[in-house]
Structure formats: structure tokens, C-alpha cells
Amino acid sequence: MTSTSEGRRAKAVKAPIVAGGHTRIRPFNTRDTYPEQNLDNDLCQAVVAGNTVYVRGQIGQHLDTSESVGIGDAEAQAEQAMANIETLLEEAGSRMEHLVKLTIYLIDPRYREAVYRTVGRWTKGVHPISTGLVVSALARPEWLCEIDAVAVIPEEQQS
């Protein structure tokens, strides 16, 4: 969605589900999230497999409302993506300091400095590994960057 209207109600967050022995955080179907496209894929925002958390690529979109934020502003989109990653890690039982890998996708190399500065603020002192890619486009034209993450759940926090 690209609407910037204020006051839109947050979507109800679906409870995690277990499929294939792994916990799926915030399950959804692409027919709901991309109504303009003819899709029907069951996905989720994060998967907990053993003590590892895999976070789906996050963009400048609010997790609860699906509202796009920071249109035209790669730094603002990176800020939202990192806030989403923090939220998803916490829902999965992990935290930002347990990040081990980030993959950062940019549609223009000129966004690198602003995006990496933002990521750096969120990961100060954490030292994850990182891969950066410049791609021709992301799933929606207003998205300028996308960040996915892998983290661990410390042994003392595992249930």
C-alpha cells in the first residue's frame, strides 16, 4: 500500500504457527498483501528453526498496517526495516544483539551511505556479517532498500 492516510487501524497480528517443526512468525498470504498481483503464497515474516531466526526481507513498510513509509527516502525506509527486524526478533525470542547476518539490497548505489549509516546505528557493537547488493528493482517501485536478517536465540532464552 502506498497510502499515507493517518489513523488507519493496525491489522490483527496472527499468532505464530508451527509447520514442518519450525515456528512461523506473523504468517500471511500474498493475495492479501499484494492484492494488485495474482499471487497465492503462504509466507511469514520470520521463521524460528532450532535456535536460529530467519527474518524475511524488510522494507519501508509498517509491519502492523502495511503502510509504506519514507517514500523517496532510502534512509527512512532503512529505519523502518530495522525497526521491523527488531520487532520480529523480539517476537521470535531473540534481540538485535544476537544478529549474525544482514543482507542489504539497494536499487541505487547512491543510497548506500545513508542506508548503511542507519543500519550501523541499529547494530552498534553487534558486529554481524553483512552482504550488500545493488539490484535493478524490488517488489514495489516505491521500495528503495530491503534488509533481511539472521539471528540466534541464546541458549538461556530457548524454551
Is it true that, when you exclude Glu113 itself, more than 12 heavy atoms of the residues, nucleotides or ligands shown sit nearer than 6.0 Å to its CD?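 No, not enclosed.
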With a cut-off of 6.0 Å (strictly less than), are more than 12 heavy atoms of other residues, nucleotides or ligands near CG of Asn38?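 Atom CG in Asn38 is not crowded, with 12 or fewer foreign heavy atoms closer than 6.0 Å.
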What I'd like to find out is whether the side chain of [X] reaches to under 4.5 Å of the side chain of [Y], using heavy atoms alone.
| X | Y | result |
| --- | --- | --- |
| Leu99 | Leu89 | yes |
| Ile104 | Arg112 | no |
| Ile25 | Pro16 | yes |
| Glu155 | Asn51 | no |
| Val55 | Asp148 | no |

Per the side chain to side chain donor-acceptor pair (under 3.5 Å) rule, which among Glu86, Gln45, Glu146 passes with Gln58?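 Among Glu86, Gln45, Glu146, the one that satisfies the side chain to side chain donor-acceptor pair (under 3.5 Å) with Gln58 is Gln45.
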Test side chain to side chain contact (heavy atoms under 4.5 Å, CB included) applied to Thr52 and Val150, step by step: CA-CA 7 Å; Thr52 305; Val150 178; 3.7 Å; yes
Once you round to the nearest 0.5 Å, how far does CZ of Arg56 lie from CG of Asn84?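 Interatomic distance, Arg56 CZ to Asn84 CG, rounded to 0.5 Å: 10.5 Å.
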Gln77 side chain to Glu142 main-chain N or O, any donor-acceptor pair under 3.5 Å?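 Between the backbone of Glu142 and the side chain of Gln77 there is a qualifying donor-acceptor contact (under 3.5 Å).
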Any donor-acceptor N/O pair, Asn41 side chain to Leu43 backbone, under 3.5 Å: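 No.
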Check each of His22, Arg26, Arg24 against Ile17 using the side-chain contact (heavy atoms from CB on, under 4.5 Å) test, and report the only one that passes.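 The side-chain contact (heavy atoms from CB on, under 4.5 Å) with Ile17 is passed solely by Arg24 among His22, Arg26, Arg24.
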